[in-house]
Visitor: 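Quick one: this structure, given as structure tokens, is what I'll be asking you about.
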Number of protein chains: 2
Amino acid sequence: MATIYDVSVLAGVSLATVSRVMNKNTKVSEKTENKVLDAMKQLDYRPNAIAQSLASSRSNSIGVLVSELHGPFYGAMMSGIEAELRTAKKHVIIAAGHSDEESEKEGIEFLIDRRCDALILHVEAVSDEYLIELSQGSTPIVLINRYIAELKDSCIYLDNQLGGYLATKAMIESGHTALAYISGPFWKVDTQARLAGYKQALAESGLEFDPSLVYEGDYLETGGSRGFQALMKAERSFTALVCANDEMAAGAMDAARQLNVEIPSQVSIVGFDNIILANYIYPKLSTINYPIAEMGHMAARWVLRNTYKNKSLSIKNMFNPALILRDSISSL
Amino acid sequence: MATIYDVSVLAGVSLATVSRVMNKNTKVSEKTENKVLDAMKQLDYRPNAIAQSLASSRSNSIGVLVSELHGPFYGAMMSGIEAELRTAKKHVIIAAGHSDEESEKEGIEFLIDRRCDALILHVEAVSDEYLIELSQGSTPIVLINRYIAELKDSCIYLDNQLGGYLATKAMIESGHTALAYISGPFWKVDTQARLAGYKQALAESGLEFDPSLVYEGDYLETGGSRGFQALMKAERSFTALVCANDEMAAGAMDAARQLNVEIPSQVSIVGFDNIILANYIYPKLSTINYPIAEMGHMAARWVLRNTYKNKSLSIKNMFNPALILRDSISSL
DNA sequence: TTGTAAGCGTTATCAG
DNA sequence: CTGATAACGCTTACAA
């Protein structure tokens, strides 16, 4: 591969001049510029991004850490980020954290070692303290779906508790008083917030919170199925089921069908996230909208504004969940 | 951030020695090694991956190009690749090609400029010639879901025609003789192969191919819905619908519901890909299994074997589609 | 086993 | 406006 040196020789100028025409930061006479451009074309020259990063200590690439590379939620998030950054000619380096502390740290270190100009993180397992310390470092970080008071300006988050509240409230307003809940893993922060919203809505309506009506799932279809089966076997019956995400809701609906319980006439279901799937299962799933693609865009804009100094961009940190009514809830 | 130089000073050894203990390729006395290790720990030293790449001209990272960062198909593919590479301590840099020639080339160049040790490509818009030329370059490439005779050893592909054939055959064997088809964009190679399989099955059973029964979709739910509506309006009626992927099948089922046509009693439907969704829509979608996660693993193993010289790994280039019977096909 | 020094391909600072 | 030249942080012959 041709290097900047080859170009300079062929163009009959110095290294520095070639560098200048690439970076357009210093004036170069038109004549020289053309000579250089020609030489580049002839040699099919492509700058070595690695060497550029080393010399300039900026890589024009942003590190993104997601829990998984698959799944509708992370997919939408990555797409949102990439779309925004692409317009600014910045690139994305993605790593997976697998909701595991070691992996998340490893992923973050990989991205930092790669000299990413900034990091967009969707992390679940690392502690607030770790993140606060990380933010002292030289690589700027943005957090998605996590709120840490000390870092609030670099958090792009959803009011998860409000979401849980809205979902539950929708059931209560439809006349339900026996509401089961399929939760995500209890240790996750967003799980806790959503569950808190459920409790809040119950309390507000004078309904008692019954731990035997909540099942700890895994945010996957299988967890939803198992949860539904478990809940049906338990002594307390219910007419409404709120699920901490759509995938578990889909799993629960599947299990319901197998147990011959009809949705929504016998059990109403509401999900959370509003993934595309929610609109294509039957009956169409009522859910809480989580504007994750939009939030991905916003996180990217944060980077554009703060790291690349594009001050014309405005940032919104908190996003609101909203109830989306479809066909999986019936009135009692 | 501490550099190798800081470490060498603190440990009282030379740069080279520090480098040696990092790379474990030359013998270093235990005593020196410990001094160095201590110094590293004290300084919280992390090697600069960029500098390493520049000096060694290998980056330990593999570039992956997918059409989109979202979507169940690409999600599964990226996950498969990442999982395999992670075990070998290699990392992944992902770019999106958006099924557009310019974007795909841009993405590939980005990855090459980043000095990826190898590229795993799921490309649709670039020509065979481009890829053949690319493969002459110094960065090894593997192709997923694409077969190019000249590059066959580095292709990990599915027999798409066989898949289309199997899907169609399943309908015919269930007694259907009027089969509609919702296709992907005609310009895509896999689209053509799947459609060819459909034609092949028809021909084999003496059924005439009727172009008015095929609709050109976009591989998205919306395309499936629109396709179903269009097909229903056309003069020729049909009792079976084969869709070139599951997402369009889901869209078609949704449209069917709105038009009050019952699945599968009035119209049988079969999809393609076997994405998770297929198992959670109602009725459960019969489809063609596309082992994309497995193929992602295999592509990664190809890299491990060929680029990183792990010869103990064996490679399988062609994968077979298989019919998965669920509830969306009824016998006539 | 260890040190010296020449790169790797750019950027960026200084002179001119 | 252009050219030398010193970094950037690390690897890797070549010597010792």
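Lettering follows sequence order; numbering is per chain, from 1. This is a predicted model, so every value here is computed, not measured.
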Visitor: Tell me whether A:K24 at atom NZ has more than 12 heavy atoms from other residues, nucleotides or ligands lying less than 6.0 Å away.
Guide: no
Visitor: Just the rounded figure in Å: distance from C1' of C:dT2 to NZ of B:K31.
Guide: 13 Å
Visitor: List the atom pairs, donor and acceptor, that lie under 3.5 Å between side-chain atoms in residues 76-91 of chain B and the rest of the protein, sequence neighbours left out.
Guide:
residue	atom	partner	partner atom	Å
B:S79	OG	A:H70	ND1	2.4
B:E82	OE1	A:H98	NE2	3.0
B:E82	OE2	B:R86	NE	3.1
B:E82	OE2	B:R86	NH2	3.2
B:E84	OE1	B:H297	ND1	2.7
B:R86	NH1	A:S103	OG	3.4
B:R86	NH2	A:A96	O	3.0
B:T87	OG1	B:E84	O	2.7
B:K90	NZ	B:N60	OD1	2.7

Visitor: Take atom NZ in A:K27; do more than 12 heavy atoms of anything else shown fall under 6.0 Å from it?
Guide: no
Visitor: Any base atoms under 4.0 Å from A:T26, or only sugar-phosphate, or nothing? Heavy atoms, all strands.
Guide: base
Visitor: Going by heavy atoms in the side chains, are B:E124 and B:W187 under 4.5 Å from each other?
Guide: yes
Visitor: In plain terms, say whether A:K105 and A:E101 are close enough for a salt bridge, that is, a side-chain N and a carboxylate O under 4.0 Å apart.
Guide: yes
Visitor: Quick one: which of C:dT2, D:dG3, C:dT1 gets closest to the side chain of A:T17?
Guide: D:dG3
Visitor: Tell me whether B:S59 contacts the main-chain N or O of B:R115 through its side chain, where contact means a donor paired with an acceptor under 3.5 Å.
Guide: yes
Visitor: Answer yes or no: does a side-chain N or O of B:S29 lie under 4.0 Å from OP1 or OP2 of C:dT2?
Guide: yes
Visitor: In the 5'-to-3' direction, what one-character label does each nucleotide of nucleotides 7-16 of chain C receive under the scheme B = base within less than 4.0 Å of a protein heavy atom, S = sugar-phosphate only, - = no such atom?
Guide: BBBBBBB---
